[in-house]
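Here the structure is laid out as structure tokens; the discussion comes afterwards.
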Amino acid sequence: MLNLILLEDEAVLRQELTEFLGDCGYRVSAVADLASFHASYIPTLHHIAIIDLGLPDGDGMALVRALRAQGRQLGIVVFTARGATQDKVNGLSGGADHYLPKHTDLEELAATLGSLQRRLGEPAAAPTWILELGPRRLVPPGCSAIALSQQDTTVLQVLMAEPERIVSRQQIVQSLGEDFLDYDQRRLDTQIRRLRRKTEQATGLPLPVNTARNAGYRFFANAAVRP
């Protein structure tokens with residue numbers, strides 16, 4: 001996972017961005033002011049910085065200029081409420097690679113970060129499949145959410161809790177509240193086939209679930225499970 005440092009003083013937005021960027025495959029260090037940034041920023045660790053400008057202890061543009069003056073390879077994205085043309089010109093002239101107003105859609109932010117990574121020669125963050133337990137839906141990367149039944153949700157929760165690990169048929173069946181010895185294994189196979197078909201019909205993407213013959217199933221992509 002690529003390490004990123006986020007400087008945002010608004011607590012709710014900072015939490016929202018941290019969760020979103022984590023789901024996009026980044027390891028996020030989130031800080032609320034300039035002092036915390038200087039205490040947390042590690043040049044050899046952090047490859048991208050997302051910086052707000054209006055901060056409680058100073059101006060974020062001064063930080064952008066200072067970071068750029070260090071001469072290190074660091075991607076800098078300004079993410080700010082200052083959206084005037086001259087503000088954007090000043091930000092880009094001052095050393096930012098990208099300048100985005102805060103009303104920018106988060107998917108555009110993710111695409112901007114991906115483009116910046118490619119320019120920096122960093123490996124792109126792997127896309128993440130998100131399972132939302134409360135609303136019972138699966139959100140494939142870059143696609144609209146897919147409504148799920150309770151059984152679908154339970155099966156995916158077990159598989160997505162530990163991506164890349166083979167989950168035994170017995171563990172899946174028990175998670176459904178069934179007795180493994182009395183359970184018809186064909187029901188599980190049918191459910192997985194139905195999930196695959198539902199996902200591909202809704203998004204055009206294959207569901208990243210492999211069958212481990214005589215063993216179980218494996219979710220083989222980045223995954224996040226949310227309440």
Side-chain angles (χ1 to χ4, degrees), residues 1-130 132 139 141-142 145 222 224-227:
M1 298 176 73
L2 190 75
N3 290 284
L4 175 156
I5 187 165
L6 167 67
L7 173 53
E8 168 57 57
D9 67 315
E10 186 182 335
V12 174
L13 179 57
R14 184 170 63 252
Q15 181 63 31
E16 179 184 358
L17 288 172
T18 299
E19 292 178 0
F20 175 77
L21 294 168
D23 290 340
C24 289
Y26 297 96
R27 183 180 290 110
V28 182
S29 302
V31 295
D33 51 40
L34 289 170
S36 299
F37 184 96
H38 289 302
S40 302
Y41 172 60
I42 303 173
T44 56
L45 175 66
H46 297 114
H47 296 84
I48 293 178
I50 300 177
I51 298 174
D52 187 14
L53 298 185
L55 300 166
D57 56 349
D59 185 3
M61 269 314 303
L63 173 61
V64 171
R65 289 190 291 268
L67 290 170
R68 193 56 75 208
Q70 293 176 5
R72 296 182 177 274
Q73 180 170 285
L74 174 69
I76 300 176
V77 177
V78 168
F79 196 68
T80 178
R82 301 178 191 173
T85 299
Q86 191 57 54
D87 290 324
K88 184 173 184 178
V89 169
N90 293 341
L92 295 172
S93 300
D97 294 290
H98 296 278
Y99 190 104
L100 299 176
K102 284 187 177 177
H103 58 72
T104 299
D105 188 272
L106 293 185
E107 294 299 333
E108 182 178 344
L109 173 61
T112 298
L113 293 173
S115 174
L116 182 55
Q117 283 184 69
R118 290 190 292 274
R119 291 214 313 271
L120 294 171
E122 299 291 343
T128 300
W129 293 67
I130 302 169
E132 298 179 339
V139 186
N222 275 11
V225 178
R226 291 180 177 174

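Values reported hereafter were calculated over all heavy atoms of this structure, with side chains retained and with hydrogens, waters and symmetry mates removed. FYI, the numbering just counts along the sequence from 1.
To the nearest 0.5 angstrom, His47 atom NE2 is 11.0 Å from Arg72 atom CZ. The CG atom of Leu17 sits 6.0 Å away from atom CG of Leu106, with the distance rounded to the nearest 0.5 Å. To the nearest 0.5 angstrom, Leu55 atom CG is 10.5 Å from Phe37 atom CZ. For the atom pair CZ (Arg27) and CG (Leu21), the distance works out to 13.5 Å, reported to the nearest 0.5 Å. Note that CG of Leu100 and CG of Leu113 are 8.0 Å apart. Values are rounded to the nearest 0.5 Å. Leu53 contributes atom CG, which lies 9.0 Å from atom CG of Leu7 (distance to the nearest 0.5 angstrom).
When every heavy atom of Asp9 is checked against every heavy atom of Pro56, the shortest pair comes out as CB-CD, 3.7 Å. Taking all atoms of both residues into account, the shortest heavy-atom contact from Gly75 to Leu116 is CA-CD2, 3.7 Å. Residues His46 and Ser29 approach most closely at NE2-OG, 3.0 Å, considering heavy atoms. Heavy-atom minimum distance, Leu74 versus Tyr41: CD2-OH, 3.6 Å. Closest approach of Arg65 and Gly94 over heavy atoms only: CG-O, 3.4 Å. Minimum interatomic distance between Val31 and Ser40 (heavy atoms only, all atoms of both residues): CG1-OG, 3.5 Å.
Applying the salt bridge (Lys or Arg N to Asp or Glu O under 4.0 Å) test to every pair with at least one member in residues 86-113, sequence neighbours left out, gives these pairs: Glu8-Lys102, Asp52-Lys102, Arg68-Asp97, Asp97-Arg119.
If you check the side chains of Ser36 and Asp33, you find a donor sitting under 3.5 Å from an acceptor.
Contact check for Tyr99 versus Val89: no side-chain heavy atoms found under the 4.5 Å cut-off. Residues Leu6 and Tyr26 form no side-chain contact, since every pair of their non-hydrogen atoms from C-beta on lies 4.5 Å or further apart. Under the 4.5 Å side-chain criterion, counting only non-hydrogen atoms from C-beta, Leu120 is in contact with Ile48. Inter-residue side-chain proximity for Leu2 and Leu4 is flagged as unmet; no heavy-atom pair is nearer than 4.5 Å.
In this structure, Ala111 has no side chain to side chain contact (heavy atoms under 4.5 Å, CB included) partners at least two apart in sequence or on a different chain.
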* Asked: Step by step, would you call Asn90 with Met61 a side chain to side chain contact (heavy atoms under 4.5 Å, CB included)?
  -> CA-CA 9 Å; Asn90 293 341; Met61 269 314 303; 5.8 Å; no
query = Stepwise, does the side chain to side chain contact (heavy atoms under 4.5 Å, CB included) test hold for Phe79 with Thr112?
reply = CA-CA 11 Å; Phe79 196 68; Thr112 298; over 6 Å; no
- Task: Check step by step if side chain to side chain contact (heavy atoms under 4.5 Å, CB included) holds for Leu63 and His38.
- Result: CA-CA 9 Å; Leu63 173 61; His38 289 302; 3.7 Å; yes
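Judged by distance alone, the side chain of Thr104 and the main-chain N or O of Pro101 form a donor-acceptor pair under 3.5 Å.
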